[in-house]
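Single-structure report; data block below.
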Amino acid sequence: MSEEIKIGVYVCHCGSNIADKVDCAAVAEFASKLPNVTVARDFQYMCADPGQELIRKDIKEQGINRVVVASCSPRMHEPTFRKVCESVGLNGYFFEMANIREHVSWCTEDREAATEKAKALVAAAVARVPLQEPLYERYADMNDRVLVIGGGIAGIEAALKVSGGNKEVVIVEKEPSIGGTMAKLDKTFPTLDCSACILTPKMVECAQRDNVKLYTYSEVEKVDGYVGNFTVTIRKKARSVDLDKCTGCGLCITKCPTKDIPHEWEENLTTRTAIFTPFPQAVPNKPVIDRENCRYFTTGKCGICAKVCPTDAVDFEQEDELVTEDFGAIIVATGFELFDPSVGPQWGFGKFDNVITSLQFERMVNASGPTKGKVLLKNGEEPKSIAILHCIGSRDENYHEYCSRFCCTAALKLAHLAKEKTNGDVYSFYIDMRTFGKGYEEFYNRIMSEGIHFIRGKGTEVVERKGQLLVRTEDTLLGKYREVPVDMVVLMAACQPGQDTEKLAQTLAIQRSADGFFLEAHPKLEPLKTATDGIFLCGACQGPKDIPDSVAQGAGAASEALSLISAGKVKISPIVARCDEDKCGGCMICINLCPYTAISYDEEKKVAVVNEAKCKGCGTCSGSCPTGAMTNTNFTDEQIMTQIEGVLAV
Amino acid sequence: MSAPAEYLREEELDHNLIYEVASFPGGHKIFSCQQCGSCSGSCDMAQDMDYTPRKMIEMIRAGMRKEVLGANAQWLCTTCYYCTVRCPRGIEPTEVLYAVKSIGIRDRGVDPNNDSPKFYETFCDTVHKFGRQHEPTLMAIYAFKGNPLRLMGFAPLGIGMLAKGKLGLAPSRVKNVDEVRKLIDRYRNKV
Amino acid sequence: MTKEFEPRIVGILCNWCSYAGADLAGISRIKYPPNVRIVRVMCSGRVDPSFVLKAFAEGADGVLVSGCHPVDCHYIEGNYKMWARKVMLETMLQQLGIEPERFRLTWVSANEGELFKQYVTEMVDAVKKLGPFQKPVNWMTELLEHERSLGTAVQEIAAGGGVGE
Amino acid sequence: MSDKKLKLGLYWAAGCGGCDVAVLDIDEKILDVAEVADIHFWPIAMDFKYKDVAAMDDGFLDVCFLNGAIRNSENKEVAELLRAKSKVLVALGTCACYGGVIGLANFCTREEILETAFKKTVSTDNPEGIIPQPVSEVDGCELHIPEVYEAVYKLDDFVNVDYYLPGCPPRAELIAKAIDAIVAGQLPEPGSVLLPAKTVCDECKREKKDRHVDEFKRPWELIPDEEKCLLDQGLVCMGPATRAGCGAACTNVNMPCRGCYGPAEGVIDQGAKAMSAVAVTAVSTNLAEMEKVISQVKDPAGTFYMYGLPNSLLRGRQMKEAK
């Protein structure tokens, strides 16, 4: 830069806040002798209008082209003074602040020492400011479509809310139907209203709205770009049924000869055909062929479904299709899965026929489920006693340290249903009863009066003695060891992150917390954001959540997305990392360091490339760049080192 | 107790006990107990009880009939009603313990070394007889049902009360004593 | 000099937690020794070990680096990266003859003004006990004896002053 | 180009002599050099005396290649002399540029080194414990030998250097290329390093991928995979922080780079930069685990400053006892 550096230094008294402890005039006098300093003044209140005017006047009349204000914390007034500079045409980043209030006058007793420290900080700012570069805030255009990954209740709610805001939304669901876990439930606590009754209208609405597009039996394959400009590749798995042609008449299902496939959606309590719809209210209510079990695909013979189909919708030749769509924001709503209790042999799951999971029991009590709503033992008889074991895999450092949150109340609901359906003895083995939600404690109280046996003590082990299942526990309220004989055991299995969480975290470049769920940007203040701008979370993919919370989060995530895309433009902070391609050796150390995956590797040039829209300017990459190619704007090596020289100059 | 102290025999449990207790006046809310311990925390006698009121309720729920009826807690209850006032679930532990006492006397389930039921019975008998209470008679009969010597301990108290005119030497009888007797008989028969 | 030795310590603080914590100490009028001069960076992850060495080379008696508590990093895990560097830097500084008390990495959150005071006070006390950071004056003498224009920076370092006077 | 032949000088200060050998390694190219240049000073190859050099006019030599660091008063004296006599002074090799391997001496004091060298080694036979002194009396005469300095210095600590050609030793073709450039008058800005701006990673063919190290190992603890980045395999490799030019000679033969070509362009402290880059490959959210892994790098200062301690910010160990 050939332009002569002219620094204006302004030492603020802040009334008596600074002047009491710092000799401001002496600091200004000291500053006036520093290199490149043209004017150095001290003034009552720099942030007030007359103070600001002083700076403007010096810039205009004295040709000041670098400004140093020694006053309060930059966290307070840095934006103020940047604006002052910009108001008279000087780039805001030609400004530097020395914090002589919070870091000097307010925390120092000795006036002499305070003045000396103030001088050092001013010297550092004066040394640094000539090295500062002009920086500009920039804006990128914003696509206003929203992608929702996961079509459970959280994702459905999010999609409907976005759609209600008149924006286009796409739902990608890996299963053949949307609905998620909620679709499997019978009743919902605490009101005990029917799950399907409140969910299916919302599912249908997703299918009917013009600005909601559904990709079921599909997965997100790849995500490129950054906030406002994501390009997403979606894999539409081959359904073998042409959704446009299929009317959902179901004839193919009735004719399919392969009928003995465990029905995953029914928690394997029954079987299904190779061409099937997961459940009667599925959306879209059109079948899919399970190629692994379909005779046509395994033996090449059969094809009955195709023959009976009146609309010629069965298409064995169909292949996975990759579609690419652009979005401004992404909402992740991939939900959870149930902990597999067979991991812990002590609970007897998989070993004893009548030890089942909560979701299996849920299907059993469901009128449209495999037993038509009857609670039945494997031998077809009704159990006379049922044990419900809480915290299976939850609150247990061997499995999941966290509390799965909804299972206590769900267990109460199941206890109620068990009592209602069998009128037998129902035992609830719990560690603590955590009924946190609105109306939940009242629900608990109500269920208690139904004569359920509540035993405070973890159902530690299920054993069989003489054909009788026994649940072993310590009744901690009585201080007694007990072995309670029951006919059926229901395990309240933990809520755990879905198996594809890790893969999706990589695809989306978002973080997971130690428990494996997706990590929010801030546990209190940014519960729906991720650290990656433009990607939001809702529902149980962020941590165990019940239906009301998932719905609230779905709506919240929609609001986050709408608020983002409605702005139309993305603001990009000028404090970012920049890579000097001439210096970059392509060592790729920086690439893993970036938590926002803002750095990628250019295979052709063999250098690191920063996506400034993704970069948040932390500078961690620069801190470990072995060649100095990666710089952090406004915090370059040179600037910081000079500042260090400066603070030690006095 | 016969079985190892820390082992609960499921086959010995009486799942009806809780319903039985619940059928007594004031017992119906026992199901709601959340085992917070407010009752025990409020109880001035808890330190002398073998089972605290909270634990009594839990034992009732578990169906530990023998232990419940044989406990001393219900007999130590002074019916101060602190527990009832403070229970966050509206349970009336005082009434629950009354129910336990009643069942215990009825079923002869009380610890034979426990004299309290005798006192209660004597109390009722005295009222049955006079239609009202007469303390010297009560104490005399009660004393002879157990150890008469212990009457000596109460002598100074009795003398003091006599001096202040709080006790009458001769028992008096209420007018329609039959009505009172009917009332008591009806309840005794019901239980 | 009869005056008590007043160490000069360079504090490199992250913007979101520790710098804000130091601000809070000021706002709460917590008094602490004036020996730490603060340089702000956006994240402790930005702190290049060169900055620490630079401070010592410029005559600092100690260097205090401070960031958000683990898990709380504004940029997710920049502080862990600084911690990795710190582990290696500590050994390296020891090999370079710098006492461990002269370099410290701490975690101070935005509401821990008191903790910031505590760390500053501890560090100032420890460094005072050690005395001034000794630069290898004898090497520098050999350079100083050599009259040449290029040597000015070295001379200043040897003389114990910083650059930029 | 002028029709006059280029006047060339070469000198070897505190170093191993490998740089002089590297000059010889340009093979037949030396004939081309002879065609365009006259060598006026090259103690390793021809008989010259310092007085011959002293007799030259200032700026007589067109170019002088000086290798080796400055370790004693003789090194310094000759360096100053050659500086005065040369139009262009090139620091040849890492010792001259950055202090080199011998710069590791800066972890010790002069006294420690002399004690070790003249008294403590197993093979030393020095019953009287004599340590050579700059000035000593022998048979009534005063005998002078050069004074060993307290520390190892790089050339530009004492004289102005026009160009740097680091390497331990610099590859012969780089020397040849430099000579060509000089002959053609195509030298860059004074002060430049006559090497590509990139680093060894740029020249290294290995596949870099994980950038996460669970365990640091010493080279003899494993036979590295020949395709994968050595750092990814847990070997401390200075490649990311080392100037390119060697053609990744070490990593090509399955050995990690030790940093001999010095820092990348503009880097002030190669060791600190390399350390920072290597340390973060062990990052995890388990602080104790991280500490365990990082502590497996036993000698970070010796590892990362193997070739550049005198060129680092602190230049060497801070000697407390120094007064």
Side-chain angles (χ1 to χ4, degrees), chain A residues 34-35 72-76 97 99 101-110 112-114 116-118 120-121 123-124 126-128 511 513-514 519 521-522 531 575 593-596 616-625 628 632 634-635 637 640-650, chain C residues 6 8 10-12 14-16 19-20 22-52 54-55 57-60 63 71-79 81-82 84-85 113 116-117 120 161-165:
Chain A
L34 293 170
C72 50
S73 171
R75 292 170 54 86
M76 179 98 165
M97 209 156 169
N99 183 348
R101 191 177 74 176
E102 282 84 344
H103 291 184
V104 181
S105 67
W106 279 351
C107 59
T108 315
E109 295 279 14
D110 177 0
E112 201 184 314
E116 191 179 88
K117 187 172 173 185
L121 296 181
V126 167
R128 178 195 214 278
Q511 313 281 316
S513 38
L519 178 67
H522 188 282
I575 297 182
L593 289 183
C594 181
Y596 311 104
K616 299 212 175 183
C618 66
T620 304
C621 52
S622 328
S624 273
C625 175
N632 185 203
N634 213 40
F635 293 94
D637 279 9
I640 294 170
M641 292 223 197
T642 309
Q643 199 177 353
I644 291 171
E645 285 177 15
V647 294
L648 292 166
V650 181
Chain C
E6 286 296 340
R8 292 182 309 164
V10 175
I12 309 179
C14 86
N15 182 56
W16 303 100
Y19 194 91
D23 276 1
L24 181 71
I27 293 163
S28 320
R29 308 299 197 276
I30 296 169
K31 306 291 186 231
Y32 59 86
N35 309 59
V36 174
R37 282 125 190 229
I38 292 166
V39 172
R40 181 172 65 131
V41 289
M42 292 312 279
C43 177
S44 56
R46 172 68 187 99
V47 181
D48 185 327
S50 313
F51 301 165
V52 177
K54 173 73 177 177
E58 293 296 333
V63 180
V71 186
D72 286 345
C73 177
H74 185 80
Y75 300 102
I76 304 170
E77 45 192 33
N79 48 0
K81 283 142 198 172
M82 184 52 207
R85 297 177 194 134
F116 182 71
K117 170 198 170 163
V120 167
V163 174
E165 285 270 7

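In what follows, chains carry the letters A, B, and so on, assigned in the order in which the sequence lines appear, proteins first and then strands, with residues in each chain numbered from 1.
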Under 4.5 Å from a heavy atom of chain A, the part of [X] involved:
X	value
C:Ala20	both
C:Val10	side chain
C:Ile30	backbone
C:Lys81	side chain
C:Val36	backbone
C:Ser50	both
C:Asn15	both
C:Leu24	neither

Which atom pair, heavy atoms only, marks the closest approach of C:Arg85 to A:Gly623?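 The pair with the smallest heavy-atom distance is NH2-C, 3.5 Å.
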What closest approach, in Å, do A:Asn99 and A:Leu121 show between heavy atoms, and which atom pair accounts for it?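 So the minimum-distance heavy-atom pair works out to O-CD1, 3.4 Å.
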Greatest number of heavy atom pairs closer than 4.5 Å to chain A - which of C:Glu6, C:Glu77, C:Arg40: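 Heavy-atom pairs under 4.5 Å are most numerous for C:Arg40.
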Between C:Ala60, C:Gly78, C:Pro33, which residue shows the highest count of heavy-atom pairs closer than 4.5 Å to chain A?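 Winner by heavy-atom pair count: C:Ala60.
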Check salt bridge (charged side-chain N to carboxylate O under 4.0 Å, His left out) between A:Glu112 and all other residues, then give those that pass, not counting sequence neighbours.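 For A:Glu112, no residue satisfies salt bridge (charged side-chain N to carboxylate O under 4.0 Å, His left out) once neighbours in sequence are set aside.
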Just by distance, do the side chain of [X] and the backbone of [Y] share a donor-acceptor pair under 3.5 Å?
X	Y	value
A:Glu102	A:Ser73	yes
C:Arg46	C:Val41	no
A:Glu109	C:Lys31	no

For each of [options], tally heavy-atom pairs with chain C at distances under 4.5 Å, and name the one with the top tally.
options	value
A:Cys625, A:Ala120, A:Ser513, A:Pro74	A:Pro74
A:Arg75, A:Gln643, A:Glu116, A:Lys117	A:Arg75
A:Asp637, A:Thr642, A:Asn634	A:Asp637

Output all residues satisfying ring-ring contact (aromatic ring centres under 6.0 Å, His included) with C:Tyr32, sequence neighbours left out; order by chain, then residue number.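 Counting only residues at least two positions away or on another chain, C:Tyr32 forms a ring-ring contact (aromatic ring centres under 6.0 Å, His included) with C:Phe116.
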Does this structure show an ion pair linking A:Arg101 with C:Asp23, if we count only N-O contacts that are shorter than 4.0 Å?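 Looking at C:Asp23 together with A:Arg101, the answer is no, because their closest N to O distance does not fall below 4.0 Å.
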What orientation do A:Tyr596 and C:Tyr75 show, parallel under 30°, tilted 30 to 60°, or perpendicular over 60°?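 Rings of A:Tyr596 and C:Tyr75: perpendicular, as their planes differ by over 60°.
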